[in-house]
Amino acid sequence: MKISLLLGAAALMAASPLSANPRGDEPIAIPASIKQGIDFIYVDPQMAEVAKPKQKPRNWLQRIFKGREETRGKEPNSVFLGLAGGLERYKTSWGGLPQIKVAAGGPLKAGSKGRRVEQLRTRLGLPEGGGYDETLLRAVTEYQRVHGLDADGVAGRSTIASLNLGADHYARRIAINMERAYRLPVTRTFDRYVVVDSGAAEAYLVQGDKVVASMRVIVGAPKTNTPMLAVLMQRAKANPYWNVPPDMIQTVTAKRVLNQGVSYLKNFHYEVLSDWTPAAQVVDPKTVNWKQVAAGKSNIRVRQLPGPWNSMGEMKFEMPNDYGIYLHDTPTKEVFDSKDRWLSNGCVRLEDYRRFASWVYGGVPQPGPAAEQVLELPKPVPVLMTYLTVMLSGTSVQFRPDPYGFDALAMPQMFAATRSAGLEPMEKGAQS
């Protein structure tokens, strides 16, 4: 599904004025000029004061002391501090092993022998001899668990490739995630805020600098990723409409109406409006020239009515921004049970919108049955949409996949001048 913004070229009726920017309820692509990877897009001026954009990276110890100096004694957030400790432990554990390469070849598993098995033993700090014994099996399994691989104890292609990247590569990934975490609020900045972590597909409700609740979310697919935004949530809409984006009206809706007739609209609870202005009128779809719509020569608006079928579910939480990103309920609850929750066109679907609404409003709002009721928040709530691919698991770190490729984008941003960043290779000859 495309998410580019397509402007209608002509009005359906001469009396209906063209909207300057017709846009539906789908995100638009982030311009290529905005480099994602480390920094937020700071939508609101208040949020830009939380952390200065495009900060030069420092090593973790400098960050801690400089952070206290810059924020008059306030502590960096717990995510940053946890990752800082995790980096040091990683450097002394996995980083302290011989950083040699293991030759390419077939999978190595229990009972395997030969030169490549001996290379694997050396790489994981085990003495020569013994082949692929129980000790090596445990070491491989633990390596896989920490580095976000299938922990089956088999050293296949992905495990060997990961080992051959070297520990310095993974230390840099921790440092990249520390930079992202450093941009989250320091202590005592906000009484409450929301963190949406697209790396984990989780949302965290933070109050008094502590996570008081969390829930699973559906975030953008790799091709339509959820951007890293710092924005203020202002209001919600109960019983919302879903406005079909103009490009979808042309490429999907019009073609289905031409193939199935106008009954398609009724069957899927759509209505047609004359244009995209606030004064738009509902029109009979039989009066619409759907061939012109399919050709991109119409400015009609199509929206899905509120109800259990609506893509927005029962409530939509709005955070005014130029990218069309917001949080919302969804009628398809079963998707939250999937491990793959990177499915949306960029917006964030909430597992439990009632619990979320209760927290941001101090109680679940009780709207009436009318469509699209605006519910202003008592106080705007900061929402920080970040992307973390390393987490703490006990006292050690655990790596996650990088579905958006933001870690790869961040590598040159942070390490173009490695030594100035205070993150030079951990030991001479390390493979990276």
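The aromatic rings of H147 and W94 stand perpendicular to each other, their planes meeting at an angle above 60°, with 30° marking the opposite boundary. Using cut-offs of 30° and 60° on the angle between ring planes, the pair H328 and Y326 is tilted. Ring-plane geometry between F268 and Y270 is classed as tilted, the angle between the planes lying from 30 to 60 degrees on a 0 to 90 degree scale.
Closest non-hydrogen pair, A181 versus V79, comes out as CB-CG1, 3.8 Å. Of all heavy-atom pairs spanning L392 and G86, the tightest one is CD2-CA, 4.5 Å. Of all heavy-atom pairs between P246 and W276, the closest is CG-CZ2, 3.8 Å. Contact between I249 and V302 at its shortest, heavy atoms only, is CD1-N, 3.6 Å. Taking each heavy atom of Y204 and S214 in turn, the nearest pair found is CD2-CB, 3.6 Å. Residues A370 and Q373 come closest through the heavy atom pair O-NE2, 2.8 Å.
Between the D44 side chain and the V231 main chain, no donor and acceptor come within less than 3.5 Å of each other. For the pair T224 (side chain) and S344 (backbone), a donor-acceptor distance under 3.5 Å is present. Checked by atom type and distance alone, the side chain of T189 never pairs as donor or acceptor with a backbone atom of P185 at under 3.5 Å. Under the 3.5 Å distance criterion, the side-chain polar atoms of N321 are matched with a main-chain donor or acceptor of I325. Q398 places no side-chain N or O within 3.5 Å of a backbone atom of G148 that could act as its donor or acceptor partner. Remark: the backbone N or O of S393 is paired with a side-chain donor or acceptor of S396 at under 3.5 angstrom. Formation of a donor-acceptor pair under 3.5 Å by the Q99 side chain with backbone atoms of A167 is found in this model. At distances below 3.5 Å, not a single donor-acceptor pair connects side-chain atoms of Y323 with backbone N or O atoms of G346. E351 places a side-chain N or O within donor-acceptor distance of the main-chain N or O of R216, the cut-off being under 3.5 Å. With hydrogens and angles disregarded, a donor-acceptor distance shorter than 3.5 Å links the side chain of N239 to the backbone of G368.
If you take CG on N177 and CD1 on I38, they are separated by 10.0 Å, rounding to the nearest 0.5 Å. Interatomic distance, Y193 OH to L384 CG, rounded to the nearest 0.5 Å: 7.5 Å. Taken from CE in M315 to CZ in R354, the straight-line distance is 8.0 Å, to the nearest 0.5 Å. Rounded to the nearest 0.5 Å, atoms CH2 (W359) and CD (Q207) are 6.0 Å apart. Once rounded to the nearest 0.5 Å, the distance linking NZ of K333 with CZ of R349 reads 11.0 Å. Once rounded to the nearest 0.5 Å, the distance linking CD1 of I160 with CZ of R123 reads 10.0 Å.
No side-chain heavy atom of D329 sits under 4.5 Å from any side-chain heavy atom of M312. Between Y361 and L375 the shortest side-chain heavy-atom distance falls below 4.5 Å. For the pair D197/R400, a side-chain contact is recorded, criterion being any heavy-atom separation below 4.5 Å from C-beta on. Looking at heavy atoms from C-beta onward, R116 lies in side-chain contact with L108 at the 4.5 angstrom threshold. Looking at R89 and V397, their side chains never come closer than 4.5 Å, going by heavy atoms from C-beta outward. Using a 4.5 Å heavy-atom threshold, the side chains of E88 and Y90 count as separate. Under the 4.5 Å side-chain criterion, counting only non-hydrogen atoms from C-beta, K379 is in contact with D191. Between L83 and V390 there is a side-chain heavy-atom pair separated by less than 4.5 Å.
Between the side chains of Y143 and S162, at least one donor-acceptor pair of N or O atoms lies under 3.5 Å. N299 and D275 form no side-chain donor-acceptor contact under 3.5 Å, judged by distance and modelled atom types alone. Side-chain atoms of T389 and D407 include a donor-acceptor pair closer than 3.5 Å. Under 3.5 Å, the side chains of D152 and Q144 contain a donor-acceptor pair of N or O atoms.
Under 4.0 Å is where a charged nitrogen must lie from a carboxylate oxygen, and between R188 and E75 no such pair does. A salt bridge does not link E128 with R121: every distance from a Lys NZ or Arg NE/NH1/NH2 to an Asp or Glu carboxylate oxygen is 4.0 Å or more.
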message = salt bridge (Lys or Arg N to Asp or Glu O under 4.0 Å) for R183 and E179? Distances and angles first, verdict last.
response = CA-CA 7 Å; R183 285 148 176 77; E179 284 295 312; 2.9 Å; yes
Inset, instruction - Just do the side chain to side chain contact (heavy atoms under 4.5 Å, CB included) check on M215 and R355 with the steps written out, would you? - result: CA-CA 9 Å; M215 67 181 66; R355 183 155 57 95; 3.5 Å; yes
Do E271 and Q304 pass the side chain to side chain contact (heavy atoms under 4.5 Å, CB included) test, and can you show the C-alpha distance, the side-chain angles, and the key distance before you say yes or no? CA-CA 6 Å; E271 67 178 6; Q304 192 175 41; over 6 Å; no
For the pair V244 and Q250, evaluate side chain to side chain contact (heavy atoms under 4.5 Å, CB included) and give the outcome as yes or no after the intermediate values. CA-CA 10 Å; V244 182; Q250 177 189 349; over 6 Å; no
Determine, stepwise, if the pair R341 / E202 fulfils salt bridge (Lys or Arg N to Asp or Glu O under 4.0 Å). CA-CA 9 Å; R341 299 197 297 280; E202 298 270 350; 3.4 Å; yes
Please report the C-alpha distance between K316 and D25 in whole Å, then the side-chain angles of each, then the deciding distance to 0.1 Å, and finally whether the side chain to side chain contact (heavy atoms under 4.5 Å, CB included) criterion is met. CA-CA 10 Å; K316 171 185 175 184; D25 288 326; 3.1 Å; yes
Practice item. I would like to know whether D150 and R145 meet salt bridge (Lys or Arg N to Asp or Glu O under 4.0 Å); could you show each step before the answer? Key: CA-CA 7 Å; D150 290 336; R145 185 192 67 78; over 6 Å; no
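Annotation: cation-pi geometry not satisfied between K109 and Y132 (NZ/CZ under 6.0 angstrom from ring centroid, within 45° of ring axis). Judged by the 6.0 Å and 45° rule, R180 forms no cation-pi pair with Y387. Both the sub-6.0 Å distance and the 45° axial angle are not jointly satisfied by R303 relative to the ring of W242.
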